[in-house]
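A quick write-up on the structure given underneath.
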Amino acid sequence: GRVKKRVYAETKITFQSYTKGVAGVTAEFLDKSYYVDRKTDQPLSDPKNVPQRFALALKKVGGQWKIIRVLAEARVPPNK
């Protein structure tokens, strides 16, 4: 069988808003995940290199910011 190795690069978090204790942020990153053989851990595919963008709602819980909702997911068009 195969298993997906999740690898993320070029992570950028941008503050958008803050209302009634909830912060809105945009998270952008390059998804470089790939598949490996479950037994040998050898790569079975090349990294995808897919830009990702998510809008997230965060709230401070016990002194730490926690994601409470994923508001949107969008593919970022490649630069030309």
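Numbering of residues begins at 1 and proceeds along the displayed sequence. Everything numeric in this text was worked out from a predicted model, so none of it was measured.
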Under 3.5 Å, which donor-acceptor pairs link side chains of residues 7-20 to any protein atom two or more places apart or in another chain?
| from | atom 1 | to | atom 2 | distance (Å) |
| --- | --- | --- | --- | --- |
| Gln16 | NE2 | Thr26 | OG1 | 3.1 |

Inset, instruction - Using the salt bridge (Lys or Arg N to Asp or Glu O under 4.0 Å) rule, collect all pairs that involve residues 32-43, keeping only residues at least two apart or in two chains. - result: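 The answer is Lys5-Asp41.
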Legend entry - Distance in Å, Ser33 OG paired with Arg6 CZ, rounded so as to fall on 0.5 Å steps: 5.5 Å
Inset, instruction - Give a yes or no on whether the backbone of Tyr34 and the side-chain of Ser45 come within a donor-acceptor separation of less than 3.5 Å. - result: no
Legend entry - Asn49 side chain reached by Asp31 side chain, heavy atoms, under 4.5 Å: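 A side-chain contact under 4.5 Å is absent here.
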Show which side-chain atoms of residues 55-70 pair as donor or acceptor with protein atoms under 3.5 Å away, not counting sequence neighbours.
| from | atom 1 | to | atom 2 | distance (Å) |
| --- | --- | --- | --- | --- |
| Gln64 | OE1 | Lys66 | NZ | 3.4 |

